[in-house]
Amino acid sequence: MPDKTFQFLNVQRQTPRTVPVAIRVLGYGEIAGDFGSSQAGQQAERCIDCGNPYCEHACPVHNYIPNWLKLVQDGRLMEAATLMHETNPLPEICGRVCPQDRLCEGACTLEQTAFGSVTIGSIERWVTDEALRQGWRPDLSGVQETGKRVAIVGAGPAGLACADRLRRAGIAADIYDRQNEIGGLLTFGIPPFKLDKGVVRTRREVLEGMGVRFLLGHEVGRDIEFGQLLDDYDAVFVGTGAYTYVDAQLPGRELHGVHDALPFLIGNTERLLRDDPPAHAFDFRGKHVVVLGGGDTGMDCNRTAVRLGAASVTCVYRRDEANMPGSAREVKYSREEGVEFLFQRQPLAILGDDQGKVRAVRVIETALTDDGHGRARPQNVPGTEYEIAADVVIQSFGFLPSPPDWLRSHGVELDRSGRIVTGKGASLPHQSSHPRIFAGGDNVRGADLVVRAVYDGREAASSIAGMLLV
Ligand SMILES: Cc1cc2nc3c(=O)[nH]c(=O)nc-3n(C[C@H](O)[C@H](O)[C@H](O)COP(=O)(O)OP(=O)(O)OC[C@H]3O[C@@H](n4cnc5c(N)ncnc54)[C@H](O)[C@@H]3O)c2cc1C
Ligand code: SF4
């Protein structure tokens, strides 16, 4: 075998081609293209097998990255897919939506050089897509059914990952979700240009093939009592997400033309799933849109507004670009699609006309000082206020957990911001203060990332299996 150690000198880092801007903004199709098998193999060969895989440490699910890159180099697609699933129940989804620049690829040894990191996320995506297309499915033939049963509340990534692991341990997994489709924010929050909904549907087939049962259109607390789940099952995993909007209390937020990010994105995705044209509130043709907030959700709002026909989209953020919470890739895509960024501007108020419609946002410039923890703190600069004309304003300031009442009434401890407390004083990781209730994902961490929800679901399943199968 030829030594591939210095392959990175000859083969440049390449990401899959993206759809040209002029075409992509006309619709909602995924903008990132696919690797072909030879391109994936070549990119995998760029791994220098550095001996201390920082990528693996930085990946929240600790994927065996160098090991599966080696399998891809050798053309062993199915084995690579199997190895990927050992640590990550949703690899094709993480390969698409993880902010790799802040995680695995940001930590790649080659990233510290002029050559640029291995394209880990795109390879993970390609392997899983291609293996599933060729018929790869998890092999559960050696699994012995234990007769134990677990109810999962929430079919988001935390719940799905938990179900995958439980089935591999021979434990029945029934997932209840109030929505009529699985995926949580994968389906209803993250726009289709980042994650095609067909990808989530394929994953549903895989999970159903593993014996996972979905009870959709069932809101726990309304259609079925939580206490009933505790009576009927050996344990319950709660993965209900974070849906409480952070309200910056901006004057004028009640004006016509002001949207909150999540209802805006969910509403648009729901209408796309129904194949409906944009309702009046979503008809942005010819309008000037201002998005407030610099996180990933803000970037999704920017790019959705572009696709809804906005005449201009301006994203206002109170810190500078280096301190944005959003992924650099999403900022780049937003820019390519015509979004203008206004950094170091603090919104003060939304202004309306005499018919109660938005006409502008008043902002003030900020100066950045060190907050003592390495994060820039924005401070308003007196005398720098001005107005930005706007017909539509989308507020995207983040989300907090929305703990259902039934958690507290069953003795589950929450912290002051409504997050479920796990692990504290409990004997098992991800166990709540009730010994048979486990939790993970955004309802424990606050709004976070898909891959961290996957990690929580996976690890909670391992705790549940440890408890039930002793
Ligand atoms: C617009 C947007 C874009 C994002 N983009 C990215 C991205 O690019 N990359 C990334 O890594 N992360 C992204 N995130 C974050 C990511 O989507 C979340 O961190 C992740 O989905 C959390 O997973 P979860 O399983 O904890 O919760 P969720 O995905 O929110 O799933 C919770 C599920 O619980 C269900 N549920 C809640 N209450 C009940 C009840 N009482 N009964 C039955 N069902 C219930 C809900 O219907 C939902 O299906 C984004 C988030 C948003 C809002
Ligand atoms: S799961 Fe995310 S962080 Fe981990 S290797 Fe895949 S893309 Fe990178």
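These numbers come from the heavy atoms of this one structure, side chains and all, not from hydrogens, waters or symmetry mates. Whatever order the structure lists ligands and atoms in, that order sets their numbers, starting from 1.
Within ligand 1, counting atoms from 1 as listed, the ones closer than 4.0 Å to a heavy atom of Gly184 are 29 (O), 31 (O), 48 (C), 49 (O). Each of the following atoms of ligand 2 lies closer than 4.0 Å to a heavy atom of Cys94: 1 (S), 7 (S). For ligand 2 and Leu103, the ligand atoms under 4.0 Å from any heavy atom of the residue are 3 (S). Listed by number with element, the atoms of ligand 2 under 4.0 Å from a non-hydrogen atom of Asn88 are 1 (S). Shown in contact with Ile65 at under 4.0 Å from a heavy atom are these atoms of ligand 2, numbered in order with element: 5 (S). Interface of Ile120 with ligand 2, defined as ligand atoms under 4.0 Å from a residue heavy atom, comprises 5 (S). Applying the 4.0 Å criterion to heavy atoms of Asn63 picks out, from ligand 2, the atoms 1 (S), 4 (Fe), 5 (S), 6 (Fe). Every atom of ligand 2 is numbered from 1 in the order shown, and the set under 4.0 Å from a heavy atom of Cys59 is 1 (S), 3 (S), 4 (Fe), 5 (S). If you number the atoms of ligand 2 from 1 as listed, the ones under 4.0 Å from a heavy atom of Glu124 come out as 1 (S), 5 (S), 6 (Fe), 7 (S).
Taking atom 53 (C) of ligand 1 as the reference point, the nearest protein heavy-atom neighbour is Leu262 CD1, 3.6 Å. Scanning the protein for heavy atoms near atom 49 (O) of ligand 1, the closest one is Asp177 OD2, 2.5 Å. The single protein non-hydrogen atom nearest to atom 30 (O) of ligand 1 is Tyr243 OH, 2.6 Å, given as residue, atom name and distance.
For Asp234 (side chain) and Val150 (main-chain N/O), no donor-acceptor pair under 3.5 Å exists by modelled atom type. Checking side-chain atoms of Arg204 against main-chain N and O of Gly183 turns up no donor-acceptor pair under 3.5 Å. Asp177 places a side-chain N or O within 3.5 Å of a backbone atom of Ala155 that can act as its donor or acceptor partner.
Below 30°, between 30° and 60°, or above 60°: for Trp406 and Phe226 the angle between ring planes is below 30°, a parallel geometry. Aromatic ring pairs are classed by plane angle as parallel below 30°, tilted from 30° to 60° and perpendicular above 60°; the pair Tyr54 and His57 is perpendicular.
For Phe282, the CZ atom counts as densely surrounded, since its 6.0 Å shell holds more than 12 non-hydrogen atoms of other residues, nucleotides or ligands.
In this structure, Arg329 does not pair ionically with Glu105, as no charged nitrogen and carboxylate oxygen lie closer than 4.0 Å. Taking 4.0 Å as the cut-off between side-chain N and carboxylate O, Glu336 and Lys332 count as a salt-bridged pair.
For a distance bound of 2.8 Å, the N, O or S atoms of Cys98 include one lying that close to atom 2 (Fe) of ligand 2.
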Practice task
Verify side-chain contact (heavy atoms from CB on, under 4.5 Å) between Tyr64 and Thr87, making sure each step is shown before the conclusion.
Solution key: CA-CA 8 Å; Tyr64 304 131; Thr87 46; 3.7 Å; yes

